[in-house]
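This report concerns only the one structure given below.
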Amino acid sequence: MKAKKGDWVQIHFVALKPQERSEHLPEDTKKVPFEIRIKGFLQNDQASIGDLVVIKTPIGRIVEGNLEKINPKYEHNFGEPIAELLEITMDSLFEGDRNG
């Protein structure tokens with residue numbers, strides 16, 4: 001599949017090699033590169049997965065990296081629900097305001 005200029009894409013690049021990372025990091029973290037994945041609009045005329053491309057992010061930053069995904073979705077979440085937090089109601093949040 002090819003992407004064309006203006007398509008929503010995701011790129012990947014290594015920002016810091018292991019030897020360039022801070023010495024104050026945990027040992028297991030220092031051993032791996034600091035990698036970045038970022039989404040934006042393709043600036044090249046066309047590209048295939050793996051090609052070195054330029055994107056423009058929604059806030060206007062110009063970033064270069066290897067094309068990883070075409071039309072990527074947002075996959076982040078806030079994790080599993082926490083039972084104790086599900087028991088909190090609006091009434092219990094403001095209970096202290098009414099009592100004191």
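Model, not experiment: these values are computed from the prediction.
Val14 is not connected to Leu16 by any chain of hydrophobic side-chain contacts under 4.5 Å among Ile, Leu, Val, Met, Phe, Trp and Tyr, and they are in different clusters. The hydrophobic clustering, which links ILVMFWY residues whose side-chain heavy atoms are closer than 4.5 Å, places Val9 and Ile38 together. Tyr74 and Phe41 fall within the same hydrophobic cluster, where Ile, Leu, Val, Met, Phe, Trp and Tyr residues are linked whenever their side-chain heavy atoms come under 4.5 Å apart, directly or through other members.
Contact annotation: the side chain of Glu20 never approaches that of Phe34 to less than 4.5 Å [non-hydrogen atoms, C-beta and beyond]. Between Arg37 and Glu35 there is a side-chain heavy-atom pair separated by less than 4.5 Å.
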Practice item. Go through the steps for Glu64 and Phe13 under the test side-chain contact (heavy atoms from CB on, under 4.5 Å), then give the verdict. Key: CA-CA 8 Å; Glu64 184 178 77; Phe13 63 94; over 6 Å; no
Exercise for review: Check the pair Asp7 / Asn71 against side-chain contact (heavy atoms from CB on, under 4.5 Å), numbers first and verdict last.
Suggested key: CA-CA 7 Å; Asp7 282 351; Asn71 201 26; over 6 Å; no
Exercise for review: Decide side-chain contact (heavy atoms from CB on, under 4.5 Å) for Ile70 and Lys2; before the verdict, give the C-alpha distance in whole Å, the side-chain angles of both, and the deciding distance to 0.1 Å.
Suggested key: CA-CA 8 Å; Ile70 300 169; Lys2 287 225 180 232; 5.9 Å; no
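Contact between Gly50 and Asn66 at its shortest, heavy atoms only, is O-ND2, 3.0 Å. Taking every heavy atom of both residues into account, Val32 and Pro18 meet most closely at C-CG, 3.8 Å. Pairing each heavy atom of His12 with each of Glu68, the nearest pair is CB-OE2, 3.6 Å.
Separation of atoms CD (Glu75) and CD (Gln10) is listed at 8.0 Å; rounding is to 0.5 Å.
Within 6.0 Å of atom NZ in Lys56, 12 or fewer heavy atoms from other residues, nucleotides or ligands are found, so the atom counts as exposed in its surroundings.
For the side-chain contact (heavy atoms from CB on, under 4.5 Å) with Ile55, the qualifying choice from Ile62, Asn44, Ile11 is Ile11, the only one to do so.
Ion pair Asp28/Lys31 not flagged as a salt bridge, since none of the NZ, NE, NH1 or NH2 atoms sits closer than 4.0 Å to an Asp/Glu carboxylate oxygen.
Under a 3.5 Å cut-off, the side chain of Lys30 and the backbone N or O of Glu23 do form a donor-acceptor pair.
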